[in-house]
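Structure, as structure tokens:
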Amino acid sequence: MIFVLAIFVQSLNAQKVGVVLSGGGPRGVAHVGVLKALEENEIPIDYIVGTSMGAIVGGLYASGYSPDEILQMITSDEMRSWISGSINNQDHFLFKETPPNASWQMFKITYDTVLRAKLPTNLVSPREMDFGFLRIFSGASAAAGYNFDNLLIPFRCVASDIVESHEVTFKTGQLEKAVRASMTFPFYFKPIKVNNRLMFDGGMYNNFPVDVLIAEFNPEVIIGSKAASNFGPPADDNIISLIQSMLMANTRYTVDTASGILIEPQLWSVNVTDFSNTQQFIDSGYVSTIRKIPEIKKFINRTITQEEIKAKREAFRSKIPAIKINDIIVKGVNDRQKQYLQRLVRKRKLVKKLDGFSLTDNDKLDLLKRSFYQILAENQVENVYPEMIYLADKDAYDMIYNIDKSNMLEMQVGGLVSSRAINEIFFQMNYNRWGKTALNLIGNAYLGRFHNSGHVGARLDVPISMPLAFELSYTLNGWNYFRTGTYFFEDDKPSFLIQQDNFWSFEISTPLILSAKFTLQIQAGRKKDEYYQTNQFSRLDTTDVTFFDFYSPSAIFELNTLNRKQFASQGMAIRLCGRFISGLEKNIPGSTSVNRNEYSNYHNWLQLRFAINKYFDPFGSIKFGIYGEASLSNKELFNNYTSTVLGAPAFEPIPESQTIFLPQFRANNFAGGGVKFILPVIKNMDFRAEGYIFQPFREILKTEDNKAELGPAFSNRYFTFSGRLVYHAPFGPISTSLNYYDAADEPYVFNINIGYYLFNKRPFH
């Protein structure tokens with residue numbers, strides 16, 4: 001009896017210890033080291049309160065994650081992708097993606113009484129982070145009954161209500177929402193609505209919520225971790241510092257020395273987006289805390305062993321219910337749109353498959369994640385915020401997708417600015433409308449000296465058990481190869497090579513996995529080539545003209561997980577196309593032709609093309625890539641050498657090679673490949689060294705009378721090399737390169753470019 005009474009009295013006298021974690025952006029990861037040092041030295045933590053990055057670290061700790069587990073999360077590539085806003089390459093829904101184009105930036109256009117541009121409100125997409133927070137916090141929220149007092153450690157975090165202009169303390173609800181609200185730095189992350197109130201970073205009004213800790217829990221001992229400071233005077237040429245000065249209130253980073261300790265890790269200033277020093281900051285937090293341990297123990301007369309903490313964690317985790325999906329609910333859309341999205345993700349089948357799993361079950365988690373990215377990839381969807389709400393009476397979760405609808409009309413602009421005469425501008429308009437099906441109308445134009453193109457298309461998506469897309473399009477391309485080595489201001493001269501593509505295309509496609517799709521296609525149209533059979537011509541001479549009127553059915557498999565639409569450094573792309581081509585060749589000789597008789601002939605052939613582009617990182621930051629391509633066909637020779645070469649598939653592994661006519665790199669049957677080395681120089685800048693070999697099976701040769709003939713098998717091969725410096729700016733790449741083309745009239749080509757070498761598709765591609 002006396003023993004029990006002693007324990008009771010001791011519990012009454014035992015001090016409660018509260019920990020407060022400041023904001024600080026990338027520097028806030030130092031809190032992980034602080035918690036690790038406290039736990040290793042048996043310092044009890046009874047309450048925890050945080051803001052911004054402190055809310056993330058504190059929320060993870062309160063949810064039952066150990067400091068070592070939090071350290072692994074914080075330093076993982078996955079967490080870096082959340083903070084940077086990049087979507088995992090394999091999570092792109094290729095089926096819904098439009099072909100890559102030369103756009104630099106997308107502007108949303110809304111329409112009410114007038115058309116007006118809608119600029120983005122955030123630099124970083126929160127999509128990957130929102131789903132990640134759902135995974136790591138929703139189970140703990142359910143186990144706590146959505147009451148933060150019932151977490152492993154009672155927890156609070158602070159956010160800012162920007163409409164009412166005051167701080168908000170979260171103590172109940174969905175933990176993932178509370179943490180997401182607390183760390184939403186203005187204009188960097190998209191704001192989040194909680195209870196219909198728009199929330200931003202808690203650090204705007206309270207970056208060190210020691211007052212919240214006292215008001216909510218009133219602990220006897222306070223341990224503060226300071227990883228932030230007030231901002232100095234803003235620089236007039238730094239937009240981030242100006243925003244910080246306008247929006248962030250000054251905070252007092254102090255703890256009452258009579259009852260608490262302030263830990264101040266040795267940290268240096270970094271950009272709000274710079275997480276390259278994570279491990280050093282965590283180590284600093286750990287070391288700074290170790291130095292304070294003797295002082296901390298003077299305030300605290302009790303301890304908690306690591307075994308006891310581990311037992312408490314295991315007991316809390318055992319309360320987390322297995323993930324069983326009761327229903328998939330779509331909000332923010334009308335009934336017809338809701339039906340479309342639920343059919344798209346195959347709701348009934350998905351609910352059955354997700355019958356009881358843990359958040360560590362990656363296979364079933366991938367199924368859930370797939371549905372998220374399927375909805376997110378819709379042209380009509382601006383953003384999706386996912387929620388999982390636990391229903392205790394059903395022992396299951398409702399998966400809720402909150403939809404922000406996109407505007408019906410979108411505009412994209414871009415192009416290419418080059419030191420060579422291949423400059424062009426790009427413009428595209430998209431119109432999106434959806435109900436039980438989704439309709440997308442598209443129209444674009446490329447305008448330049450080398451390349452002019454127009455494309456219009458309509459796509460209808462039908463979300464049946466096997467989602468299908470039906471697409472009808474018309475494309476008109478024009479290519480002027482002779483002018484690509486000159487500049488805009490030179491006199492115009494007759495061109496020796498102009499190509500035009502004029503064709504219709506009808507496609508039926510379906511997804512295989514998120515990153516792969518299968519397409520059945522039929523094309524019909526006309527190719528027109530204008531050329532001189534000699535370089536000795538005058539303005540009075542007329543060109544030879546070759547027409548090829550064709551139709552071409554094909555089957556295409558595509559897989560793409562590349563991280564960029566050009567100058568990628570991660571992921572893989574595979575394309576396999578089997579095609580039948582049938583058409584009528586008609587040749588009208590020009591004034592420089594030896595043979596003045598018109599010629600026509602029917603051609604039929606089969607063609608198989610395969611290409612692979614894959615990147616590896618065996619050397620850490622240095623990337624290594626391979627590229628391979630092959631073409632097989634039973635195509636016959638055309639009437640003359642030039643028309644035969646122009647119609648042959650081209651090997652163009654270097655972007656600039658698309659803008660130069662290189663007959664030695666064209667053949668009906670060939671294999672080509674090479675390697676790439678990508679060396680980072682500074683952030684967002686890398687140096688690329690590439691080398692390729694092209695091996696035609698039988699090279700197309702020119703006879704004395706300008707006819708074409710096939711050379712001996714494997715008689716010649718050709719090489720091309722490239723050295724390039726690329727800066728990946730927010731709007732697109734800025735690059736300078738020196739390329740070498742074997743056996744070319746001008747083998748070395750130097751370029752300075754802003755933008756993309758991307759064009760509308762050509763027939764037989």
Side-chain angles (χ1 to χ4, degrees), residues 102 416 420-424 426 444-455 473-486 492-505 523-535 537 541-552 579 581 583-590 592-593 599-600 603 607 609 631 633 635 637-652 655-668 700 702 706 708 741 744-745 757-765:
L416 179 67
R420 297 170 54 233
I422 53 176
N423 299 267
E424 64 181 5
F426 170 78
N444 72 33
Y446 289 83
L447 302 173
R449 294 277 302 225
F450 162 64
H451 175 236
N452 287 280
S453 179
H455 172 87
S473 64
Y474 172 77
T475 305
L476 175 63
N477 289 321
W479 313 84
N480 185 341
Y481 285 94
F482 186 66
R483 309 303 300 171
T484 61
T486 61
D492 192 19
K493 296 180 181 179
S495 301
F496 80 88
L497 177 55
I498 294 177
Q499 288 190 292
Q500 290 184 357
D501 308 323
N502 173 2
F503 65 98
W504 291 88
S505 178
Q523 295 179 339
R526 163 175 283 189
K527 288 170 59 68
K528 177 184 177 182
D529 299 330
E530 297 182 66
Y531 50 89
Y532 290 98
Q533 299 265 13
T534 175
N535 286 331
F537 55 82
D541 286 317
T542 59
T543 60
D544 283 41
V545 181
T546 295
F547 297 99
F548 185 60
D549 297 316
F550 65 88
Y551 73 91
S552 174
R579 183 182 298 276
I581 303 168
L584 173 65
E585 174 198 7
K586 183 177 181 180
N587 177 247
I588 302 175
T592 62
S593 179
Y599 170 87
S600 62
H603 298 273
Q607 177 178 288
R609 293 194 71 171
S631 175
S633 77
K635 182 182 179 182
L637 300 176
F638 272 32
N639 182 49
N640 58 58
Y641 169 77
T642 306
S643 61
T644 300
V645 172
L646 285 173
F651 180 64
E652 298 169 334
E656 289 88 345
S657 59
Q658 301 174 79
T659 67
I660 306 172
F661 179 57
L662 300 167
Q664 69 273 31
F665 287 93
R666 291 172 176 256
N668 292 331
I700 301 172
K702 185 177 182 179
N706 289 326
Y741 304 103
D745 292 336
Y757 283 90
L758 293 172
F759 313 103
N760 282 328
K761 286 186 177 180
R762 306 192 68 170
F764 316 151
H765 175 72

Testing the basics here: between [X] and [Y], what is the closest heavy-atom pair and its distance to 0.1 Å?
X	Y	result
Thr644	Asn639	OG1-N, 4.5 Å
Arg609	Pro649	NH1-CB, 3.6 Å
Gly448	Asn452	O-ND2, 2.7 Å
Asn668	Ser631	O-OG, 3.2 Å
Ser633	Gln607	CB-CA, 3.9 Å
His451	Ser453	NE2-CB, 3.3 Å

Keeping [X] on the side-chain end and [Y] on the backbone end, is there a donor-acceptor pair under 3.5 Å?
X	Y	value
Asn502	Leu476	no
Lys527	Gly647	no
Gln523	Phe503	no

Under 3.5 Å side-chain donor-acceptor pair for Asn760 and Thr475: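 Their side chains do not contain a donor-acceptor pair, so the 3.5 Å distance test is not met.
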
Find the distance between [atom1] ([X]) and [atom2] ([Y]) and round it off to the nearest 0.5 Å.
X	Y	atom1	atom2	answer
His765	Asp501	NE2	CG	12.5 Å
Glu652	Ser657	CD	OG	5.0 Å
Phe450	Ile422	CZ	CD1	7.5 Å
Arg449	Glu424	CZ	CD	13.5 Å
Ile588	Glu530	CD1	CD	10.0 Å
Tyr531	Ile498	OH	CD1	13.0 Å

Any side-chain heavy-atom pair of [X] and [Y] under 4.5 Å:
X	Y	answer
His603	Ile581	no
Tyr599	Thr546	no
Arg666	Ile700	no

CA sep, side-chain torsions, deciding dist, call: Thr642, Asp544, side chain to side chain contact (heavy atoms under 4.5 Å, CB included): CA-CA 10 Å; Thr642 306; Asp544 283 41; over 6 Å; no

Test applied, side-chain contact (heavy atoms from CB on, under 4.5 Å); reference residue, Phe759; option that passes from Leu416, Thr659, Asn477: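 Checked Leu416, Thr659, Asn477 against Phe759; only one passes side-chain contact (heavy atoms from CB on, under 4.5 Å): Thr659.
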
Parallel, tilted or perpendicular: ring planes of Tyr446 versus Phe426, cut at 30 and 60 degrees: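 The rings of Tyr446 and Phe426 sit tilted, inter-plane angle from 30° to 60°.
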
Phe548 and Phe764 aromatic ring geometry - parallel, tilted or perpendicular at 30°/60° bounds: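 It falls in the perpendicular class, over 60°.
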
Audit row: Phe661, Leu646, side chain to side chain contact (heavy atoms under 4.5 Å, CB included) steps and yes/no: CA-CA 9 Å; Phe661 179 57; Leu646 285 173; 3.6 Å; yes

Candidate pair Glu656 and Tyr741, rule side chain to side chain contact (heavy atoms under 4.5 Å, CB included), full reasoning: CA-CA 11 Å; Glu656 289 88 345; Tyr741 304 103; 3.7 Å; yes

NZ (Lys702) with more than 12 external heavy atoms under 6.0 Å: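 For Lys702, atom NZ is crowded (more than 12 foreign heavy atoms under 6.0 Å).
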
